[in-house]
Visitor: 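The structure follows.
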Amino acid sequence: MEPQSTKPKLLDQLRDRIRLKHYSRRTEDVYLDWAKRYILYHKKRHPQEMGKKEVEEFLTYLATERNVAASTQNQAKAALQFLYKEVLNIRLPWLGEVQQAKKPKRLPVVLTEKEVQMLLAHVPLGYGVLARLMYGTGMRLLEGLRLRVQDLDFGRAELFIREGKGAKDRVTMLPKSLIEPLQEHLKQVKKVHEQDLLKGHGEVWLSESVARKYPNAGRDWIWQYVFPSGRLSVDPRSGVTRRHHLDEKALQRTIKQAAIDAGLTKNVTPHTLRHSFATHLLQAGYDIRTVQELLGHKDVQTTMIYTHVLNKGGLGVTSPLDRLV
């Protein structure tokens with residue numbers, strides 16, 4: 001069987017299976033990319049003709065020669081597992097034996113409260129509410145971008161996060177200081193949505209299950225993104241013109257530039273706001289289990305990393321030089 005004739009067919013099968021399982025567009029792109037890289041690494045051999053030896057060889061190559069991060073190797077492993085199980089109907093129970101990429105032990109970058117104030121003061125107006133909301137709730141970047149209007153409960157001062165990491169829902173607090181700014185922000189978003197409707201657009205992306213259950217929900221106000229894009233775009237899957245949420249890369253660039261403008265000397269990203277949220281709650285005396293629940297961590301050990309950041313200096317030890325002073 002020639003690779004030229006089977007490769008496109010295989011990738012089409014993989015794409016169709018991913019969409020049938022309702023995976024995100026991001027996952028679709030990543031899984032297709034790893035499938036291509038796996039096939040190219042083995043000189044365009046069809047995966048059906050390869051097995052344990054070839055998969056192990058590719059994943060080990062990523063860890064030992066490419067020196068990829070552990071998370072990257074795990075991503076490749078997940079993609080190949082999906083390809084073999086869902087498309088080729090072959091299980092790979094031995095993948096756990098593959099040499100693992102070393103996962104470095106790194107402490108998260110955390111800003112002081114003063115540094116957070118300085119950073120937020122330099123975030124442009126169009127991103128200011130979102131940046132404050134991310135710090136005030138501890139949301140991940142995509143969790144903030146994917147917020148819908150109905151996820152904000154102003155009466156209870158709560159925020160509902162749907163399908164966070166691990167496809168889990170959770171509730172966190174809505175900072176009271178942001179209620180009025182958010183309400184004003186939504187007034188402007190609603191005006192844009194109403195204009196889109198008048199022009200024959202105004203439909204937002206919905207998962208297939210929701211779209212099937214509520215056929216007209218895509219144009220309803222409550223399902224619109226809280227932080228929509230400034231322009232309409234064509235959905236590459238369906239061809240429908242919609243208004244998606246803000247671009248994550250644009251926010252990442254904005255936060256990075258704000259940190260530079262504020263004179264901060266730390267490597268600041270949107271995720272730094274989440275790290276700072278957790279650390280500042282622990283500093284304020286909140287129980288680590290409460291912080292774990294607010295962050296949506298499956299294991300409290302993941303949350304425990306912030307207790308190390310709380311220590312002043314090296315494990316809370318005073319330098320002998322300071323004693324001399």
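No experiment lies behind these values; they were computed from the predicted model shown.
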Visitor: What are the two closest heavy atoms between Lys266 and Thr112, and how far apart are they?
Guide: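 Taking Lys266 first and Thr112 second, the nearest heavy atoms are NZ-N, 4.3 Å.
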
Visitor: Of all residues at least two apart in sequence or in a different chain, which pass the side chain to side chain donor-acceptor pair (under 3.5 Å) check with Glu248?
Guide: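 Once residues adjacent in sequence are excluded, the partners of Glu248 under the side chain to side chain donor-acceptor pair (under 3.5 Å) criterion are Arg26.
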
Visitor: With rounding to the nearest 0.5 angstrom, report the CG to CD distance, Asp299 to Gln292.
Guide: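 Atom-to-atom, Asp299:CG and Gln292:CD are 7.0 Å apart.
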
Visitor: Under the rule for side chain to side chain contact (heavy atoms under 4.5 Å, CB included), what residues qualify as partners of Arg66, not counting sequence neighbours?
Guide: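 Listed in chain order: Arg37, Tyr61, Leu62, Val68.
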
Visitor: What are the two closest heavy atoms between Met304 and Ile288, and how far apart are they?
Guide: SD-CD1, 3.3 Å

Visitor: How many angstroms lie between atom CZ of Arg243 and atom CD of Glu203, to the nearest 0.5 angstrom?
Guide: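 Output value for this atom pair is 13.5 Å.
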
Visitor: Kindly give the heavy-atom pair with the smallest separation between Glu115 and Val110, and that separation in Å.
Guide: OE1-O, 4.3 Å

Visitor: To the closest 0.5 Å, what do you measure between CZ (Arg17) and CD (Glu86)?
Guide: 4.5 Å

Visitor: Is a side-chain N or O of His244 found less than 3.5 angstrom from the main chain of Ser233, in a donor-acceptor match?
Guide: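 Pair absent, no side-chain N/O of His244 close to backbone of Ser233.
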
Visitor: Taking all atoms of both residues into account, what is the closest heavy-atom pair of Ala35 and Leu11, and its distance?
Guide: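 Scanning both residues, the minimum pair turns out to be CB-CD2, 4.0 Å.
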
Visitor: Could you tell me whether Glu28 and Arg15 make a salt bridge, using a distance below 4.0 angstrom between a side-chain N and a carboxylate O?
Guide: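 Answer for the salt bridge query: yes.
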
Visitor: Considering residues at least two apart in sequence or located in another chain, which fulfil the side chain to side chain contact (heavy atoms under 4.5 Å, CB included) criterion with Asn67?
Guide: none

Visitor: With Lys213, which residues qualify under side chain to side chain contact (heavy atoms under 4.5 Å, CB included), at least two apart?
Guide: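 Per chain and number, Lys213 pairs via side chain to side chain contact (heavy atoms under 4.5 Å, CB included) with no residue.
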
Visitor: Give me the other members of the hydrophobic cluster that Tyr225 sits in, counting Ile, Leu, Val, Met, Phe, Trp and Tyr linked by side-chain heavy atoms under 4.5 Å, directly or via other members.
Guide: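 In the cluster with Tyr225 are Val204, Trp205, Leu206, Val210, Tyr214, Ile222, Trp223.
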
Visitor: Taking Gln224 for the side chain and Asp220 for the main chain, is one N or O donor matched with an acceptor at less than 3.5 Å?
Guide: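 Checking the backbone N and O of Asp220 against the side chain of Gln224, a donor-acceptor pair under 3.5 Å is found.
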
Visitor: When you measure from the side chain of His122 to the backbone of Met118, do you find a donor-acceptor pair of N or O atoms at a distance under 3.5 Å?
Guide: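 Judged by distance alone, yes, a pair lies under 3.5 Å.
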
Visitor: If you measure from CD1 on Ile90 to CG on Leu80, what distance do you get to the nearest 0.5 Å?
Guide: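 If I round to the nearest 0.5 Å, the distance is 12.0 Å.
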
Visitor: For residues Val268 and Leu264, report the shortest heavy-atom separation together with the two atoms involved.
Guide: CG2-CD1, 4.3 Å

Visitor: Please answer whether the main-chain N or O of Leu59 pairs with a side-chain N or O of Gln73 as donor and acceptor at a distance below 3.5 Å.
Guide: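 Indeed, once roles are kept as given, a pair shorter than 3.5 Å links the two residues.
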
Visitor: Run the salt-bridge test on Lys53 and Glu57 with the 4.0 Å N-O cut-off and return the result as yes or no.
Guide: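 Looking at Glu57 together with Lys53, the answer is yes, because their closest N to O distance falls below 4.0 Å.
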
Visitor: Which residue pairs pass the ring-ring contact (aromatic ring centres under 6.0 Å, His included) test when at least one of the two sits in residues 132-152, sequence neighbours left out?
Guide: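 ring-ring contact (aromatic ring centres under 6.0 Å, His included) check on residues 132-152 returns Tyr135-His280.
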
Visitor: Out of curiosity, Met134 CE to Arg274 CZ, how far, rounded to the nearest 0.5 Å?
Guide: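 Interatomic distance, Met134 CE to Arg274 CZ, rounded to 0.5 Å: 9.0 Å.
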
Visitor: Flag yes if more than 12 heavy atoms outside Tyr286 fall under 6.0 Å of its OH atom; otherwise flag no.
Guide: no

Visitor: Okay, side chain of Gln48, backbone of Tyr84: is any donor-acceptor separation there less than 3.5 Å?
Guide: no

Visitor: Does Thr279 have any side chain to side chain donor-acceptor pair (under 3.5 Å) partners at least two apart in sequence or in another chain, and if so, which?
Guide: none

Visitor: Evaluate the side chain to side chain donor-acceptor pair (under 3.5 Å) criterion for residues Thr303 and His297: first the C-alpha distance (whole Å), next the side-chain angles of each, then the deciding distance (0.1 Å), finally the verdict.
Guide: CA-CA 7 Å; Thr303 319; His297 284 162; 2.8 Å; yes

Visitor: Could you pull out all residues at least two apart from Asp235 that satisfy side chain to side chain donor-acceptor pair (under 3.5 Å)?
Guide: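 Listed in chain order: Arg242.
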
Visitor: Just jot down the side chain to side chain contact (heavy atoms under 4.5 Å, CB included) partners of Thr172, sequence neighbours excluded, or say none.
Guide: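 For Thr172 the side chain to side chain contact (heavy atoms under 4.5 Å, CB included) partners, ignoring immediate neighbours, are Thr137, Leu159, Ile161, Leu294.
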
Visitor: Would you compute the distance between atom CD of Gln81 and atom NZ of Lys85 and round it to the nearest 0.5 angstrom?
Guide: 8.5 Å

Visitor: For Gln150, what residues pass the side chain to side chain donor-acceptor pair (under 3.5 Å) criterion, not counting sequence neighbours?
Guide: none

Visitor: Linking Ile, Leu, Val, Met, Phe, Trp and Tyr through side-chain heavy atoms less than 4.5 Å apart, which residues share a cluster with Val171?
Guide: Phe160

Visitor: Judged by atom type as modelled, is there a donor-acceptor pair below 3.5 Å linking the side chain of Asn74 to the main-chain atoms of Ala70?
Guide: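 Such a contact is found between Asn74 side chain and Ala70 backbone.
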
Visitor: One pair to check against side-chain contact (heavy atoms from CB on, under 4.5 Å): Ile39 and Leu10. What are the steps and the verdict?
Guide: CA-CA 11 Å; Ile39 293 168; Leu10 176 71; 3.9 Å; yes

Visitor: Hey, are the side chains of Val189 and Val149 touching, using non-hydrogen atoms and a 4.5 Å cut-off?
Guide: no

Visitor: Grab the two heavy atoms, one from Ser276 and one from Leu111, that are nearest each other, plus how far apart they are.
Guide: OG-N, 3.1 Å

Visitor: Can I get a per-line list of side-chain donor-acceptor pairs under 3.5 Å for residues 176-187, giving both atom names and the distance, sequence neighbours left out?
Guide:
unit_1 : atom_1 : unit_2 : atom_2 : d
Glu184 : OE2    : Lys187 : NZ     : 3.1
His185 : NE2    : Val226 : O      : 2.7

